[in-house]
Amino acid sequence: MGYWLMKSEPDVFGIDDLERVGVEPWEGVRNYQARNMMRDEMKKGDLAFFYHSNTTVPGIVGVLRIHREGYPDDAAFDPDHNYYDPKSDPDNPRWYRVDVAFEEKFSEVLPLSWLKQQPELSDSPLVRKGNRLSILPVTEAQWRFIMEHAHRR
DNA sequence: GCCAACGTTGGC
DNA sequence: GCCAACGTTGGC
């Protein structure tokens with residue numbers, strides 16, 4: 001089973017939105033590395049941390065589950081859509097998305113500032129400077145470490 | 001709002 | 001294929 005971390009701006013789509021709707025297409029990813037992970041590596045049932053970026057306290061706020069594996073991101077074909085990309089062709093889609101399902105909201109945010117202080121997480125790209133990837137792999141050890149702390153609070 | 005880091009674009 | 005210019009991300 002794979003473990004991931006997926007970033008979203010809570011002003012656009014946050015953990016509370018996911019809890020309300022239950023299942024949501026994770027659209028709008030326009031980065032090739034992140035695209036490759038969604039298209040090729042994410043499997044149904046994989047778990048991912050939900051990370052809030054661009055907010056007062058950036059950090060991990062909960063857990064989601066991969067509900068549907070990678071399929072073309074239709075938003076790229078719609079000229080009226082924010083995520084429109086004229087270079088993506090329905091016959092040869094450039095961008096992919098997965099569907100995610102709400103799993104759990106933590107009682108408190110695990111702030112990035114705290115994550116950065118944990119030696120167990122020092123190898124994660126999340127805490128490395130200048131990381132801008134919106135989807136990151138998480139190791140099983142890192143997953144367990146973070147989950148323990150989330151449930152201890 | 002600033003700005004560092006980084007990815008993408010496009011001219012050559 | 002190089003690389004400067006540009007746009008975006010995202011922490012602070």
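Just so it is clear, the model here is predicted, and its values are computed rather than measured. In what follows, chains carry the letters A, B, and so on, assigned in the order in which the sequence lines appear, proteins first and then strands, with residues in each chain numbered from 1. Just so you know, these numbers use all the heavy atoms, side chains as well, and skip hydrogens, waters and symmetry mates.
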Subject >> Summary of protein contacts for nucleotides 7-12 of chain C, nucleotide by nucleotide, where a base hit scores B, a sugar-phosphate-only hit scores S (4.0 Å, heavy atoms) >> reply: BBBBBS
**OP:** Taking the six-membered ring for Trp and the single ring otherwise, decide whether the centroids of Tyr71(A) and Trp95(A) are under 6.0 Å apart.
**Re:** no
**OP:** Would you work out how much the helix from dG1(B)-dC12(C) to dC12(B)-dG1(C) bends between its ends, with each end axis defined by five base pairs, to 10 degrees?
**Re:** 10°
Before accepting this row, confirm whether a basic side-chain N of the pair [X]/[Y] lies closer than 4.0 Å to the acidic partner's carboxylate O.
{"X": "Arg144(A)", "Y": "Glu148(A)", "answer": "no"}
{"X": "Lys44(A)", "Y": "Glu69(A)", "answer": "no"}
{"X": "Arg30(A)", "Y": "Asp73(A)", "answer": "yes"}

Subject >> Closest-nucleotide 5' rank along DNA chain B - winner of Arg30(A) and Lys129(A) >> reply: Lys129(A)
**OP:** With rounding to the nearest 0.5 Å, note down the distance linking CG in Leu5(A) to CG in Leu133(A).
**Re:** 10.5 Å
Original post:
Between Val21(A) and Val63(A), is there a shared hydrophobic cluster once you connect ILVMFWY residues whose side-chain heavy atoms come closer than 4.5 Å?
Top reply: yes
Original post:
Under the ring-ring contact (aromatic ring centres under 6.0 Å, His included) rule, what pairs show up with a residue in residues 8-27 of chain A, not counting sequence neighbours?
Top reply: Trp26(A)-Phe50(A)
Subject >> Side chain to side chain, Leu126(A) and Tyr51(A), heavy atoms closer than 4.5 Å >> reply: yes
